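Remember, it's a predicted structure, so these values are computed and weren't measured experimentally.
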Amino acid sequence: MATTGWKIAVICCILAVCASCFAQKKSKESLASEKAQQMMDWQMKKVIVKMNGEKFRHYVKSTPKTHSTIVMLTALKANRRCTVCVQAFEEYQILANSWRLSQLFSDKLFFVMVDYDEGPDVFQSLNLNTAPVFMHFPAKGKPKRGDTLDIHRIGFAAEQISRWVAERTDIQIRVFRPPSYSGTLTLALLLSLIGALLYIKRNNLEFLYNKTSWGIGAVTIILAMTSGQMWNHIRGPPFMHRNPQTGQVHYIHGSSQGQFIIETYIVILLNAAITVGMLLLNEGNNVKGDASKKRIMVLIGLGTYAFFFSVLLSVFRSKYQGYPYSFLI
C-alpha cells in the first residue's frame, strides 16, 4: 500500500511539472504573439515603427519573440546636421514601403527606427557613437557580426539594404520606388525646344547636315550613358557621403556595387578630357603649314590623354579593390 502511494505521488509530481512547463510555454507563446500583434498594429499605421529605449528593449531585444526586426539607429534632428541620416532614412522608408506592398508581408519582419534624441540609452547599450547604423535583431538568439550593415562598403540604397535583409532573414523584398516624372518633363521640354528650333529655322535647315553638331550630340549622349546617369535615375543614390565620425567627404563610392551622383559628374569630366586629348591628336595630324605648331598640338593632346586616362584608371582601381594595373598615378 505504501509503495502504491509512493508511485501515485511521483506521478502527481511529474504531472505537476509537465503542467507547469506547458503553462510556461503557453505563457511565452502568448507573450510573443502579443508582441508581434502590437508591432503589426503599429506598422499598419506607419511602415516604420518609431521607438524609445523602453519599447526597444521590450519589443526588439527581449525574448520571447517570433519576429525579426530591422532597426535603423539615426539622428534626424536638424541640430544634429546629419545629412547622411536624412538620405539613409529616405532609402529605408522606400524599403519599408516596399515590404508593406509585398505579397510576402507578414508579422515575421518589422522595420523600426530609434532616434538618438529619443533613445540615447539604446545607443549606449549597443556601444554606438555614430549614425546612421542598420542592425538586424533575429527572432532567436543575439545579433552576430553580420547583423550590422556595413554602409561604408555596401552603401545604404534601398536595393543594397534589401539584399542584406535577404541574407539575414531569407525574406526577399522587391523594391518599389515612387515614380519620378522629372525625366519625362525634361524630355518633353527638350522635344519642345527642338520643335521650336525647327519651326524657327524651317526655311534654313542646313544645320541638320552639320557633321560637327551631330558628333557633339552623339559624344554627349555617350558620355552621359557611360558615366552611369541611367543608374542614378533608377537607383537614386545620394549626392555624396560624409563620414559622421571624421567628417570626411567621399566623392567616390568605395564599392563596385554603388556610386554617388557627384561621382558620375567626375567620370563625365574625365571621359570628356580624354576625348579632347584624342581630338587634339587627330586634328594635330591634319594641321597644315608650321611643323612646330603640329608638334605642339600633338604633344598637348598626348599629354592630356595620358594624364586623364591615368586619373580615370586610378578611380577604377579605388572601386575594384585588388586591380593590379596602374598608369602614371
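- Atom CG of Leu279 and atom OG1 of Thr304 lie 11.0 Å apart (nearest 0.5 Å).
- Inter-residue side-chain proximity for Tyr59 and Lys65 is flagged as unmet; no heavy-atom pair is nearer than 4.5 Å.
- Taking Ile, Leu, Val, Met, Phe, Trp and Tyr as hydrophobic and joining them when side-chain heavy atoms fall under 4.5 Å apart, one finds Leu189 in a cluster with Leu193.
- Hydrophobic clustering (side-chain heavy atoms under 4.5 Å, transitive across Ile, Leu, Val, Met, Phe, Trp, Tyr) groups Tyr305 together with Phe316.
- Using a cut-off of 4.0 Å between Lys/Arg side-chain N and Asp/Glu carboxylate O, Glu159 and Arg174 are scored as not salt-bridged.
- Just one residue in the list Tyr92, Phe89, Phe105 forms a ring-ring contact (aromatic ring centres under 6.0 Å, His included) with Phe111, and that residue is Tyr92.
- For the pair Lys55 and Trp42, the cation sits on the ring face: its NZ or CZ lies under 6.0 Å from the ring centre, inside 45° of the axis.
- Across every non-hydrogen atom of Pro132 and Val84, the tightest pair is CD-CG1, 4.0 Å.
- Of all non-hydrogen atoms in Ser162 and Leu95, the two that sit nearest each other are CB-CD1, 3.7 Å.
- Annotation for Ala75 and Ala131: closest pair N-CB, 4.1 Å, computed over non-hydrogen atoms.
- When the salt bridge (charged side-chain N to carboxylate O under 4.0 Å, His left out) test is applied to Arg100, no partner is found at least two apart in sequence or on another chain.
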Legend entry - Verdict with supporting geometry, Val112 and Met39, side chain to side chain contact (heavy atoms under 4.5 Å, CB included): CA-CA 9 Å; Val112 169; Met39 292 283 284; 3.8 Å; yes
Inset, instruction - Given side chain to side chain contact (heavy atoms under 4.5 Å, CB included), test Val165 with Trp99 step by step and report yes or no. - result: CA-CA 11 Å; Val165 170; Trp99 170 237; over 6 Å; no
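- Interatomic distance, CG of Leu109 versus CG of Asp170, reported as 11.5 Å (0.5 Å rounding).
- Atom CD of Glu54 sits in a sparse spot, with 12 or fewer heavy atoms from other residues, nucleotides or ligands closer than 6.0 Å.
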Can you give each donor-acceptor pair under 3.5 Å made by side-chain atoms of residues 263-275, sequence neighbours left out, with the distance rounded to 0.1 Å?
{"unit_1": "Glu263", "atom_1": "OE1", "unit_2": "His253", "atom_2": "N", "d": "2.9"}
{"unit_1": "Glu263", "atom_1": "OE1", "unit_2": "Phe260", "atom_2": "N", "d": "3.3"}
{"unit_1": "Glu263", "atom_1": "OE2", "unit_2": "Lys319", "atom_2": "NZ", "d": "3.1"}
{"unit_1": "Thr264", "atom_1": "OG1", "unit_2": "Gln229", "atom_2": "NE2", "d": "3.0"}
{"unit_1": "Thr264", "atom_1": "OG1", "unit_2": "Asn232", "atom_2": "ND2", "d": "3.3"}
{"unit_1": "Thr264", "atom_1": "OG1", "unit_2": "Ile261", "atom_2": "O", "d": "2.5"}
{"unit_1": "Asn271", "atom_1": "ND2", "unit_2": "Val267", "atom_2": "O", "d": "3.4"}
{"unit_1": "Thr275", "atom_1": "OG1", "unit_2": "Asn271", "atom_2": "O", "d": "2.8"}

Mind listing the side-chain donor-acceptor pairs of residues 134-141 below 3.5 Å, one per line with the distance, residues two or more places apart or on another chain?
{"unit_1": "His136", "atom_1": "ND1", "unit_2": "Asp147", "atom_2": "OD1", "d": "2.7"}

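- Lys50 contributes atom NZ, which lies 10.5 Å from atom OG1 of Thr74 (distance to the nearest 0.5 angstrom).
- By the rule that hydrophobic residues join a cluster once side-chain heavy atoms approach within less than 4.5 Å of another member, Leu76 and Val47 end up as members of one cluster.
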Inset, instruction - Could you please spell out the steps behind the side chain to side chain donor-acceptor pair (under 3.5 Å) verdict for Gln93 and Asn97? - result: CA-CA 6 Å; Gln93 198 166 28; Asn97 279 316; 5.5 Å; no
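- Closest heavy-atom contact between Gln172 and Leu104: O-CD1, 3.6 Å.
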Legend entry - Residues Phe56, Val71; criterion side chain to side chain contact (heavy atoms under 4.5 Å, CB included); working and verdict: CA-CA 9 Å; Phe56 175 81; Val71 180; 4.1 Å; yes
Inset, instruction - Begin from the C-alpha positions of Ser62 and Lys35 and carry the test side chain to side chain contact (heavy atoms under 4.5 Å, CB included) through to its verdict. - result: CA-CA 10 Å; Ser62 66; Lys35 286 183 179 180; 2.8 Å; yes
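- Rounding to the nearest 0.5 Å gives a distance of 8.5 Å between CG of Leu126 and OG1 of Thr148.
- Contact annotation: the side chain of Phe123 never approaches that of Val133 to less than 4.5 Å [non-hydrogen atoms, C-beta and beyond].
- Nearest heavy-atom pair across Asn52 and Glu118 is CB-O, 3.6 Å.
- Listed by chain and residue number, nothing satisfies the side chain to side chain donor-acceptor pair (under 3.5 Å) test with His67 (two or more places apart in sequence, or in another chain).
- Interatomic distance, NE2 of His58 versus CE of Met51, reported as 9.5 Å (0.5 Å rounding).
- Atom OH of Tyr116 is surrounded by 12 or fewer heavy atoms from other residues, nucleotides or ligands within 6.0 Å.
- Residues Leu73 and Val122 have side chains in contact (heavy-atom distance under 4.5 Å, counting atoms from C-beta outward).
- Considering every non-hydrogen atom in both Cys85 and Met72, the closest pair reads O-CE, 3.7 Å.
- By the salt bridge (charged side-chain N to carboxylate O under 4.0 Å, His left out) test, Asp117 is found to be paired with Arg80, residues two or more places apart in sequence or in another chain being considered.
- In this structure, Phe176 CZ and Ile94 CD1 are separated by 13.0 Å, a value rounded to the nearest 0.5 Å.
- Between the side chains of Lys108 and Thr169, no donor N or O sits under 3.5 Å from an acceptor N or O.
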